[in-house]
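One structure is given below, encoded as structure tokens.
Note that the coordinates shown come from a computational prediction; the quantities given were computed from them, not determined experimentally. Note on naming: letters A, B, ... go to the chains in the order of the sequence lines (proteins, then strands), and numbering restarts at 1 for each one. Just so it is clear, the values below take in all heavy atoms, side chains as well, and ignore hydrogens, waters and symmetry mates.
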Amino acid sequence: MEYNFLDIEKRWQRYWAENKTFEVNVDKSRPKYYVLDMFPYPSGAGLHVGHPLGYIASDIFSRYKRLKGYNVLHPMGYDAFGLPAEQYAIQTGQHPAVTTEQNIARYRKQMDKIGFSYDWSREVRTCDPKYYKWTQWAFLQMFSHWYNPETNRAEKIEELITLFSKEGNKNVWREGEIFDARQWNNFDQEKRSEILMNYRLAYLGETSVNWCPALGTVLANDEVKEGFSVRGGHPVEQKKMKQWQLRISSYAERLLAGLVNLEWPESLKEMQRNWIGKSEGAEITFKVSNGVEEYDMLIFTTRADTIYGATFMVLAPESEWVEKLTTASQKNEVEKYLVYASKKTERERQAETRKVTGVFSGSYAINPFTNEKIPVWISEYVLAGYGTGAIMAVPAHDSRDYLFAKQFDLRIVPLIEGCDISHESFDAKEGIMCNSGILNGMSVKDAIPAAIEEVEKRGIGKRKVNYRLRDAIFSRQRYWGEPFPVYYKDGIPFPMEFEDLPLELPEVDKFLPTESGEPPLARASDWNYMGYPVEKSTMPGFAGSSAYYLRYMDPHNINALVGREENEYWRSVDLYIGGAEHATGHLIYSRFWNKFLFDTGYVCEEEPFKKLINQGMIQGRSNFVYRIKGTNTFVSSGLRDNYDTTEIHVDVNIVHNDRLDIGAFRNWSPEYRDADFVLEDDEYICGWAVEKMSKSMFNVVNPDMVCEKYGADTLRMYEMFLGPLEQSKPWDTNGIDGVHRFLRKIWRLFYKKEELAVCDRKPSGNELKILHKLIKKVQEDIESFSFNTSVSAFMIAVNELTELECNAREILEPLLILLSPFAPHICEELWSILGHKESICNAVFPGFVPEYINEDSFEYPVSFNGKLRYKLELARSLSAGEIERIIRENGNTQRFLAGSLIKKIIVVPGKIINIVF
RNA sequence: GCCCAGAUGGCGAAAUUGGUAGACGCGCUGGUUUCAGGGACCAGUGGCCGCAAGGCUGUGCAGGUUCGAGUCCUGUUCUGGGCACCA
């Protein structure tokens with residue numbers, strides 16, 4: 001019987017679906033394990049061969065854990081709201097829901113062919129109202145909570161209101177004005193709403209946003225890169241707008257601290273740390289005067305030790321101090337500068353990083369340590385959004401201040417003994433202080449805390465921690481997203497009642513913004529809530545993906561995002577596999593979202609993803625043909641140096657091992673029908689390069705094609721064989737034959753010609769050794785996610801068993817179980833041929849018996865172990881030949897070498913455990 | 001500019017964590033098979049010298065530690081990724 005993978009795979013996929021093999025439920029008698037893939041955005045292009053890499057790895061791990069007796073939750077769904085479907089809708093008028101539905105169907109079909117063990121009964125789609133009801137619910141929860149820095153958790157806003165009515169806000173964290181209980185009780189509704197907005201975790205606030213005119217929407221910081229939108233690559237500018245925001249910055253410290261216990265790649269944790277950007281320093285008050293009035297101005301610095309060298313101050317152009325400190329004589333110049341600065345887009349600022357601009361305000365400050373009068377300048381290099389939007393400038397020890405001082409000829413005072421500041425500032429935090437009054441003679445390390453202490457003693461400032469993490473802008477002026485469950489009464493936003501969720505997307509005639517520049521939802525003119533207008537923005541992409549892993553635990557619950565019992569059983573994701581590109585987006589929003597739900601008691605774990613693995617990207621491997629310029633003649637790669645040629649991408653599907661299928665090439669495009677070729681050795685050799693996998697490079701390899709030609713089992717194993725999971729690597733179809741050959745060898749191990757060749761005889765020592773070596777190796781490899789080396793181990797074992805003509809059931813059955821996570825279809829088929837009625841998914845992972853390996857270990861070439869040889873040489877001055885003899889006689893398990901310096905050698909095959917002298 | 005990861009045959013990669021470098025697979029070379037094939041199987045395959053046994057050399061580059069270094073240390077070059085006026 002032949003290995004007919006097409007037939008086998010189709011049959012078992014149907015079997016799994018019909019028998020609901022992978023459906024799971026809460027089962028307190030068994031330990032749980034939750035394996036999650038980052039769910040895909042179903043794009044129109046379908047899956048290419050790179051997408052399933054992580055899915056295959058997680059599937060292998062899930063199947064392995066099942067064999068180990070775990071109750072494995074392994075779900076899949078779709079991140080279905082998003083820009084591409086909407087852009088497509090704008091162009092074609094096709095409703096995004098229709099496009100999305102089609103794309104999902106295609107994704108599902110493609111995934112089904114690969115034989116994944118998902119529990120599809122738990123599928124979620126972020127665009128499904130039954131799902132986004134809970135996204136809206138979470139938003140309302142955030143709206144009705146605030147972050148109490150005293151207790152370090154989110155608390156109900158009602159409690160805050162009660163507090164305000166009793167004692168005002170003098171005893172709580174606040175932003176803006178201070179009021180007492182009487183004032184609060186006299187405030188009207190609008191005023192109260194405005195004040196509470198400063199506390200709510202989801203709030204409406206004026207802020208400078210990334211505005212993308214081409215997309216007609218605002219974007220979050222992680223959706224912008226180098227001044228362009230990540231989706232689409234359109235220019236982005238800064239604009240002040242009133243937007244819904246999430247107060248993620250309150251969670252900065254907990255998001256940072258929580259990283260410590262996560263089993264995530266170090267690089268990814270580092271990215272999150274940078275993104276959160278904690279810096280410890282001090283806030284210090286400087287007296288400033290515009291000649292008429294005097295103020296206290298607060299600045300932030302991490303280098304309080306350099307305060308004696310603060311020779312000027314700088315304000316951000318957007319700072320509220322600018323207006324107060326601009327003197328009459330400087331008014332014209334300052335206004336000119338402000339216009340100049342505000343006109344610049346983010347992109348231009350990025351490009352001109354080193355260009356120094358600024359203007360003098362006319363005012364002076366007093367350096368509290370030197371009592372010198374120092375000028376206050378305005379410059380765009382100081383950011384309004386960080387610290388207090390104002391700095392003390394220490395040109396000797398900060399490179400930006402240095403450049404500014406040089407440009408405008410300001411005083412530079414060195415503060416560290418022997419530092420050279422003739423050409424650049426001395427930024428390093430090392431050396432001995434000088435010119436620094438009470439700090440003189442201290443090391444910088446000691447001077448920083450000493451300076452802060454002095455500041456606190458004088459009562460002009462205090463220790464302060466700042467974070468770079470900004471609140472997440474949560475509004476998008478788009479159609480295809482979750483509507484906000486918010487309506488407006490007299491201009492004041494009110495939350496909808498929970499019973500009225502979900503608030504579904506209305507139908508609109510067009511998906512474009514309105515003529516007056518309102519978001520597309522404004523086109524739904526009769527859309528209202530109890531007669532009041534509803535918020536017209538929608539939520540961003542990360543809204544739907546922030547808690548989807550919780551919904552999988554209990555996807556059909558209509559009363560809660562997740563039921564308490566389900567949540568307490570499944571808890572959090574044990575293993576999360578996905579791309580590193582979500583480091584500062586999804587992965588940080590999700591952690592925030594989860595921490596919030598933890599605070600409010602809806603979930604029982606504070607961190608959502610215990611262990612995380614980033615699978616590498618699979619790049620394309622493009623092939624080229626070389627056309628001699630001005631002709632229709634193509635020259636083979638090796639000979640092209642002799643001609644003047646143009647490199648042309650050729651479809652990788654008509655190239656095999658870099659040999660061009662000339663017939664297929666002629667049919668590929670009419671333009672090549674009459675092409676001529678200059679061959680080498682009667683073949684046309686193509687050139688190749690590693691590039692992004694994309695249609696335009698003709699290097700897209702589609703998993704369906706691979707499944708059809710080689711089978712899903714081959715695809716799965718080959719993707720793992722390609723290299724380490726976490727590493728990026730090009731897809732190269734060339735090597736796939738080797739893996740396919742391996743699967744046929746497996747088949748032939750069971751089938752000799754037409755006969756099933758398996759019998760119940762007792763296995764030999766060698767056979768047992770091969771099996772148990774493999775069990776050990778495969779188990780270790782799977783648990784360390786080293787799937788590529790375990791595929792190799794299978795190949796070695798099968799080669800050895802084939803050579804021994806192994807037909808012992810006792811060997812071959814465990815072999816199938818071991819292999820089944822990697823190549824489930826062929827294993828199920830052979831398993832059932834061996835007479836098993838139950839699916840191999842319900843089998844038990846074989847135990848490793850070390851004795852089977854140790855048994856005849858004297859055959860193992862221990863003598864080659866250099867370490868042992870060296871130690872023996874040292875200890876007994878023996879020659880290599882004598883040592884080899886001793887080992888041959890003694891080197892099996894554990895022996896005493898009587899009368900020598902060596903008391904004991906402990907040897908297991910291939911490994912010296914210890915030598916005791 | 002700063003931070004992180006990496007560099008091993010013609011190619012993808014292994015290396016028990018300091019002990020025979022290149023396992024396994026691809027490709028290539030030669031062979032076997034009543035072999036139509038992109039079929040199956042066997043042998044060889046880092047480089048240099050040699051008919052051979054064998055020798056020399058070899059993990060980006062330059063040093064160092066060690067009986068012994070792909071692995072540890074110092075410096076350096078290149079490649080990939082992240083951050084980028086964050087005071």
[N] phosphate, OP1 or OP2, under 4.0 Å from [X] side-chain N/O:
{"X": "A:Asn788", "N": "B:rA14", "result": "yes"}
{"X": "A:Arg741", "N": "B:rG38", "result": "no"}
{"X": "A:Arg748", "N": "B:rC41", "result": "yes"}
{"X": "A:Tyr386", "N": "B:rA87", "result": "yes"}
{"X": "A:Ser279", "N": "B:rA87", "result": "yes"}

Pairwise [atom1] distance for [N] and [M], with rounding to whole Å:
{"N": "B:rC48", "M": "B:rU65", "atom1": "C1'", "answer": "31 Å"}
{"N": "B:rU66", "M": "B:rA53", "atom1": "C1'", "answer": "33 Å"}
{"N": "B:rG68", "M": "B:rC61", "atom1": "C1'", "answer": "22 Å"}
{"N": "B:rG64", "M": "B:rC11", "atom1": "P", "answer": "30 Å"}
{"N": "B:rU8", "M": "B:rA13", "atom1": "C1'", "answer": "9 Å"}
{"N": "B:rU16", "M": "B:rA23", "atom1": "C1'", "answer": "12 Å"}
{"N": "B:rG46", "M": "B:rC28", "atom1": "C1'", "answer": "14 Å"}
{"N": "B:rA52", "M": "B:rG39", "atom1": "P", "answer": "32 Å"}

Taking the side chain of [X] as its heavy atoms from C-beta onward, which of [options] lies nearest to it?
{"X": "A:Asp398", "options": "B:rA23, B:rA87, B:rC83", "result": "B:rA87"}
{"X": "A:Asn734", "options": "B:rA14, B:rC26, B:rC3", "result": "B:rC26"}
{"X": "A:Thr302", "options": "B:rC24, B:rC83, B:rA87", "result": "B:rA87"}
{"X": "A:His656", "options": "B:rG38, B:rA23, B:rG27", "result": "B:rG38"}
{"X": "A:Arg659", "options": "B:rC83, B:rA87, B:rC28", "result": "B:rC28"}

| Should A:Arg621 and A:Asp658 count as an ion pair when the cut-off is N to O under 4.0 Å? | yes
| field | A:Glu266 bridged to A:Arg273 by N-O distance under 4.0 Å | value | yes
Taking [atom1] from [X] and [atom2] from [N], how many angstroms apart are they, rounded to a whole number?
{"X": "A:Trp688", "N": "B:rC26", "atom1": "CH2", "atom2": "C1'", "answer": "12 Å"}
{"X": "A:Gln727", "N": "B:rA14", "atom1": "CD", "atom2": "C1'", "answer": "12 Å"}
{"X": "A:Met271", "N": "B:rG82", "atom1": "CE", "atom2": "P", "answer": "7 Å"}
{"X": "A:Leu725", "N": "B:rG12", "atom1": "CG", "atom2": "C1'", "answer": "15 Å"}
{"X": "A:Glu719", "N": "B:rA13", "atom1": "CD", "atom2": "P", "answer": "14 Å"}
{"X": "A:Asp732", "N": "B:rA13", "atom1": "CG", "atom2": "C1'", "answer": "12 Å"}
{"X": "A:Asp661", "N": "B:rG38", "atom1": "CG", "atom2": "C1'", "answer": "10 Å"}
{"X": "A:Met795", "N": "B:rG12", "atom1": "CE", "atom2": "P", "answer": "17 Å"}

Across the strands shown, which category fits [X] at heavy-atom distances under 4.0 angstrom: base, sugar-phosphate, nothing?
{"X": "A:Arg470", "value": "base"}
{"X": "A:Glu266", "value": "nothing"}
{"X": "A:Ile391", "value": "base"}
{"X": "A:Asn799", "value": "sugar-phosphate"}
{"X": "A:Lys776", "value": "nothing"}
{"X": "A:Pro724", "value": "sugar-phosphate"}

Please tell me whether [X] and [Y] form a close aromatic pair, meaning their ring centres lie under 6.0 Å apart.
{"X": "A:Phe624", "Y": "A:Trp688", "answer": "no"}
{"X": "A:Phe742", "Y": "A:Trp747", "answer": "no"}
{"X": "A:Phe5", "Y": "A:His740", "answer": "yes"}
{"X": "A:Phe665", "Y": "A:Tyr684", "answer": "no"}

| said: Anti or syn, where syn is a glycosidic angle within 90° of 0; which label fits B:rU20? | reply: anti
| Should B:rG9 be called syn or anti, with syn set as within 90° of 0? | syn
Plane angle bin for [Y] and [X] - parallel if under 30°, tilted between 30 and 60°, otherwise perpendicular:
{"X": "A:Trp731", "Y": "A:Tyr718", "result": "perpendicular"}
{"X": "A:His582", "Y": "A:His586", "result": "perpendicular"}
{"X": "A:Phe300", "Y": "A:Tyr386", "result": "perpendicular"}

Counter-base of [N], judged by Watson-Crick or G-U geometry with both distances under 3.5 Å:
{"N": "B:rC67", "answer": "B:rG19"}
{"N": "B:rA14", "answer": "none"}
{"N": "B:rG44", "answer": "B:rC28"}
{"N": "B:rU79", "answer": "B:rA5"}
{"N": "B:rG39", "answer": "B:rU33"}
{"N": "B:rA62", "answer": "B:rU74"}

| said: Assuming nearest nucleotide by heavy-atom distance, tell me which of A:Ser792 and A:Ser267 is located more 5' along RNA chain B. | reply: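 That would be A:Ser267.
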| Given that A:Arg468 and A:Tyr710 both sit by RNA chain B, which one's nearest nucleotide is further toward the 5' end? |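 With A:Arg468 and A:Tyr710 compared, the 5'-side residue is A:Tyr710.
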